Amino acid sequence: MSYDTVRETDSTAAELLEQERARQNDTLAMIASENHVSEAVMKAQSSELTNNYAEGYPGERYYGGCEVADGIEQLAIDRAKELWGAEHVNVQPHSGSQANMAVYLAVLDPGDKILSLDLTHGGHLSHGHPANFAGQVYEVEQYEVDPETGYVDYEGLRETAESFDPDVIVSGYSAYPREVDFERVQAAAEAVGAYHLADIAHITGLVAAGVHESPVGVADFVTGSTHKTIRSGRGGIIMTSEEHADAVDKTVFPGTQGGPAMHNVAGKAVGFGEALDPAFERYAQQTVDNAKAFGERLQERGLSLVSGGTDNHLVLADLRPSHPDTTGKEVESALEEAGIVLNANTVPGETRSAFNPSGIRAGTPALTTRGFDEDACREVADIVSEIVESPTEDTVADVSDRVDDLAARHPLYD
Ligand SMILES: *Cc1c(COP(=O)(O)O)cnc(C)c1O
């Protein structure tokens with residue numbers, strides 16, 4: 001895909017767009033929430049549907065001219081139902097955070113209570129952090145991961161649920177490397193009469209492919225982003241039962257959004273179609289296999305992983321045991337200079353600040369999209385280890401060629 005059409009009228013923007021394509025081609029994206037969509041998804045996202053006002057839902061719009069928008073939204077809905085087996089799907093949320101907002105508004109009144117995982121233990125801002133609307137409007141209590149094992153402390157969750165008596169319990173996380181036991185969270189929610197919101201933003205693709213247990217049919221509400229492990233372009237999704245369908249549809253529109261971003265809904269339709277192909281199951285399994293290979297190599301090189309490993313697409317390394325004087329930010333910066341992009345992350349029991357935390361989080365969804373296998377991921381882990389051992393200009397200079405070579409051996413966008 002070229003930006004010649006943009007260049008004709010706007011060379012400045014075209015230059016930046018070309019730079020971003022080159023950056024993605026030439027560097028290794030290990031931000032665990034990122035991925036690379038296909039050219040087909042990008043093409044759909046840049047379609048004429050960006051022009052439509054399609055307020056409402058298929059067959060019940062407030063404006064004319066929506067026959068095609070109806071068709072594309074229904075296609076996205078039908079494919080999502082097939083992928084995740086949900087009774088009711090809303091594909092209009094502009095993002096995962098807005099999907100969560102719509103669910104809260106559907107079942108909570110201001111002042112009601114949310115129980116969710118602590119942000120520094122792997123939770124998400126939209127689960128009730130004070131900086132997010134949910135933390136300002138609702139009363140929030142947090143559960144944690146077990147400091148010894150790094151696994152969600154389900155027993156502690158159950159006990160806190162009993163004392164706090166929440167209206168919603170949120171499961172699903174941003175920096176959690178282990179399989180989530182949705183049944184167990186559901187049992188805790190049922191015991192106190194709370195709704196269970198399973199936010200599978202990170203693992204939508206793994207769940208769709210059956211390589212992670214599904215909360216659909218277990219939790220009352222399932223939300224997600226559509227641009228992480230499911231490669232369908234930026235956006236959000238809500239899945240629920242018929243019982244809550246109307247409530248959710250109303251809080252998405254008109255509750256929190258105006259016209260849906262129909263071009264992004266088109267991207268979702270195309271991306272979901274790709275995910276229905278059997279090749280996607282292999283992709284999801286390879287993503288997990290790659291994360292395991294990557295994590296094991298880090299461990300062989302002396303790094304400590306939160307929870308001791310991974311069941312999914314990401315690893316969270318705690319630098320403190322092996323490199324107490326090195327911070328996540330230092331490693332993040334040196335790696336970025338070398339061409340590997342991941343993020344510094346807080347770890348359970350964090351002793352530094354959120355801006356300069358003690359861990360790094362790395363995911364394999366994007367590398368796997370460009371064809372990385374376990375061997376290639378071990379090579380990446382070797383480079384990451386060398387930078388952790390010595391986050392200096394010299395090491396960056398040493399490893400840069402190997403990063404370039406890995407990128408060149410796994411071509412991405414033309
Ligand atoms: C990424 C993420 C979200 C939503 O992110 P958006 O950027 O709003 O799509 C929500 N919950 C969790 C757990 C996430 O990791």
Side-chain angles (χ1 to χ4, degrees), residues 29-35 37 41 45 80 90-105 114-129 131-135 138 140 142-145 152 168-182 185 196-207 212 214-215 219 221-239 248 251-252 256-257 260-261 264-265 267-268 271 287 291 306 310 312-316 342-343 345-346 348 354 359 361-366:
M30 296 200 82
I31 306 274
S33 50
E34 288 189 0
N35 212 326
V37 299
V41 169
Q45 285 186 302
N90 188 309
V91 293
Q92 291 190 8
H94 297 328
S95 76
S97 296
Q98 288 199 245
N100 288 341
M101 187 179 202
V103 170
Y104 299 143
L105 290 170
I114 297 175
L115 174 60
S116 60
L117 185 70
D118 189 293
L119 184 70
T120 62
H121 287 229
H124 190 258
L125 288 165
S126 65
H127 297 176
H129 189 274
N132 181 266
F133 107 98
Y138 307 114
V140 180
Q142 313 249 256
Y143 59 95
E144 300 189 338
V145 299
V152 167
V168 167
I169 300 181
V170 184
S171 67
Y173 316 109
S174 290
Y176 186 66
R178 292 300 180 179
E179 177 116 10
V180 184
D181 192 341
F182 296 115
V185 179
H196 175 193
L197 162 58
D199 175 354
I200 59 169
H202 265 254
I203 55 171
T204 40
L206 307 185
V207 169
H212 189 292
S214 174
F221 302 94
V222 177
T223 54
S225 303
T226 52
H227 44 269
K228 298 185 182 178
T229 48
I230 191 88
R231 298 172 294 197
S232 311
R234 196 147 292 271
I237 187 169
I238 304 174
M239 297 177 253
V248 157
T251 53
V252 172
T256 54
Q257 297 185 176
N264 284 346
V265 172
K268 293 172 192 180
T287 299
V306 173
T310 181
N312 60 24
H313 61 296
L314 69 84
V315 302
L316 185 59
L342 50 64
N343 64 287
N345 213 96
T346 54
R361 185 187 71 159
T364 51

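If you're wondering where the values come from, they're calculated on a predicted model, not measured in any experiment. Every number for a ligand or one of its atoms is a count from 1 in the order of the listing.
In this structure, atom 2 (C) of ligand 1 lies nearest to the protein heavy atom Lys228 NZ, 2.4 Å. Among protein heavy atoms, atom 7 (O) of ligand 1 sits closest to His227 NE2, 4.3 Å. In terms of protein heavy atoms, atom 10 (C) of ligand 1 is closest to Asp199 OD2, 3.2 Å. Atom 5 (O) of ligand 1 has as its closest protein heavy atom Ser225 OG, 3.6 Å.
Closest non-hydrogen pair, Thr364 versus Met30, comes out as CG2-CE, 4.4 Å. In terms of heavy-atom proximity, His196 sits nearest to Phe182 at CE1-O, 3.5 Å.
Near Ser174, the atoms of ligand 1 lying under 4.0 angstrom from a non-hydrogen atom of the residue are 12 (C), 13 (C), 14 (C), 15 (O). Atoms of ligand 1 lying under 4.0 Å from any heavy atom of His202, numbered from 1 in the order shown and given with element: 15 (O). When each atom of ligand 1 is checked for a heavy atom of Tyr173 under 4.0 Å away, the hits are 13 (C).
Under 4.0 angstrom from ligand 1, there are no non-hydrogen atoms of Gln98. In Ser97, the parts holding a heavy atom less than 4.0 Å from any atom of ligand 1 are both the side chain and the backbone.
Using cut-offs of 30° and 60° on the angle between ring planes, the pair Tyr173 and Tyr143 is perpendicular. Classification of the Tyr138-Phe133 ring pair by plane angle, with boundaries at 30° and 60°, yields perpendicular.
At least one donor-acceptor pair under 3.5 Å links the side chain of Gln142 to the backbone N or O of Ser116.
Checked by distance only, ligand 1 and Gly96 come closer than 3.5 Å through their nitrogen or oxygen atoms. Of the N or O atoms in Arg234, none lie within a sub-3.5 Å distance of an N or O in ligand 1.
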What's the verdict on side chain to side chain contact (heavy atoms under 4.5 Å, CB included) for Ile237 and Asn90, showing C-alpha distance, side-chain angles and the deciding distance? CA-CA 6 Å; Ile237 187 169; Asn90 188 309; over 6 Å; no

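The ring-ring contact (aromatic ring centres under 6.0 Å, His included) test applied to His124 returns His127, not counting sequence neighbours. Listed by chain and number, the residues in a salt bridge (Lys or Arg N to Asp or Glu O under 4.0 Å) with Arg178 are Asp311 (sequence neighbours excluded).
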